[in-house]
Amino acid sequence: FRAGAAGIIERAGGSMEEEMEQLRSSRSLAGGEFALSDVFYFYKKGVESIVDDQVTQRFSSEELASWNLLTRTNQNFRYISLRLTVIWGLGVFVRYCVLFPLRITLAIIGLSWLVIGTTLVGFLPESSVKNWLSELVHLTCYRICARGLSATIHYHNKENKPQKGGICVANHTTPIDVVILANDGCYAMVGQIHGGLMGVIQRSMVRSCPHVWFERSEMKDRHTVTSRLRAHVTAKTKLPILIFPEGTCINNTSVMMFKKGSFEIGGTIYPVAIKYDPRFGDAFWNSSKYNMVSYLLRMMTSWAIVVNVWYLPPMTIQDGEDAAQFANRVKSAIAEQGGLLDLAWDGGLKRGKVKDSFKEEQQKMYSSIIVRHDDTNSSNSCSGNTEEQ
Amino acid sequence: MGSSSSSMDHIPNAEELMQETGFSAAHLLRLYERFEFLDKDQTGELRPEDFGAIGGLALNPIGDRIISAFFSPGQETVDFPSFVRVLAHFRPNGTNRTRNGTQQEPVNSRTRKLKFAFQLYDQDRDGKISRAELLQVLRAMLGIQVTEEQLQSIAERAIQEADLDRDDAISFDEFKKVQQVSPHPQTPTKETPLHPTEGGR
């Protein structure tokens, strides 16, 4: 539920048919004919999106109903009282001078242990001991890192936890999602090899258990990616792969279109819904506004990261269903469990433009409303129409 | 401690705008933030391309017309006061505060709203919707989904129904009459300050 300080738009929230019927004071839609007021529907929708649109909303932080004493969420609030300022000041002191140093220390310990530990384990020969040790190292490090962010995680339905040889899909809000999920189990990560500190971490991780890291050039080739992932999955002994099908960070109020590539690999899909509590800290990574370092600093100076993680029952592709439909099915399940809005929009719209096919969809919908009965009428009038103007 | 009153100072002539359009301070601020967001290269004015970047507008069949409604004829940019004035047409009628009598009629009265809609059709501003103009709008809304004959017949019927003085065009009064059949005229309403924004969470 979102109640901005200035409620700007009240949306009727009906289908195109319902809303048009409302706008047509004179005539119902049953006649299936055009009315001059039909244009109102489109221009109302158009102006609504000028004032605030569904897509852009998802890429800025969620607004809070009441202030949580963090200046960063203080968008619409005015100076209220001295007492509140004092409390806020205390909050700043606690967050920056007490919590932050503690968290940084923990994070450094966690990351260094991850690198050292996985490198050490990597020296062992392949054996069940090695796997067990690797799991231990990974779990410990992620737990330390989670403490470094003051993350309080509630896991639900643990019986549905992803199994080996499966694919875990989740909605994506922040890179921290990885830490959150990895606190409760070991996953094979999928991603691009980076340079710098990330690269070091990635390379050492892959020594102790098989993650799937791609070179930048390989990422472009969908076929390569899919076949490597498929190889990983079919070897049933390997850890479940963790994939975020949205492809980009969304602000945790909705779930956007799932890219069907992840669903073409085969194997069992284990959907996971992740929902952050916005009152304690805003976990969304707005990559256009903050880079990774300032984002992490913001995380470490929030009150806490409180997360709910729901493991959903595994799903497989049904007969007669293609990858895109399967992706939508999984997406709806995740959205429903997490209490998020299920949107058909592509997260790529963050950066790109709308395809023309969407406009055609709108035109199609409208024409089906008014041309339904018109076919019979128009043929009569055409045949009876001797004068063409 | 951060307060939003500092951001109000950025808005030129905020008081007058509020008087003229009837928007509250909070609404005005919200619209200003939206304006700044749409103004990608921070020039202080919007161009048609800035509107074109909005997803919901790009898929709207009459999106281009809506965009041009913001720009006065011959103008290539729109500044914040003009932006707000156009949007002021959409405030619900019920929230008009008492005026001091110097204005003719409030900006968002029913007539003004209808006039705005009328101008969406009447692009050459000659006060009448000609058959050609009606066909243009129909074509935009329907795209390739209907044939030319179907389009012509739809337009024909619409004109026959509305055109009372038989001049083969729809004037503003005729347009108004068509909308006025039911006792509860539905004009596009928005921005109710008392109601929360769309739910779904």
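Values below: all heavy atoms of this structure, side chains included; hydrogens, waters and symmetry mates excluded. Sequence lines set the chain letters: A, B, ... in the order given, protein chains first and strands last, and positions in each chain run from 1.
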- prompt: Any idea which heavy atoms bring F42(A) and I66(B) closest together, and the distance?
  reply: O-CD1, 3.7 Å
message: Atom CD of residue position E76(B) - does it have more than 12 heavy atoms of other residues, nucleotides or ligands inside 6.0 Å?
response: no
query: Is chain A contacted by the side chain of L134(B), its backbone, both, or neither, given a heavy-atom distance below 4.5 Å?
result: side chain
- prompt: Where on D50(B) is there a heavy atom nearer than 4.5 Å to chain A: the side chain, the backbone, both, or neither?
  reply: neither
query: Given a strict heavy-atom distance threshold of 4.5 Å, which part of A140(B) is in contact with chain A: side chain, backbone, both, or neither?
result: backbone
message: I'd like to know which of Y121(B), F83(B), F51(B) tops the heavy-atom pair count under 4.5 Å against chain A.
response: Y121(B)
message: Using a 6.0 Å cut-off, check whether atom CD of E36(B) has over 12 heavy atoms from anything other than its own residue.
response: yes
Interatomic distance, I50(A) atom CD1 to L46(B) atom CG [nearest 0.5 angstrom]: 9.5 Å
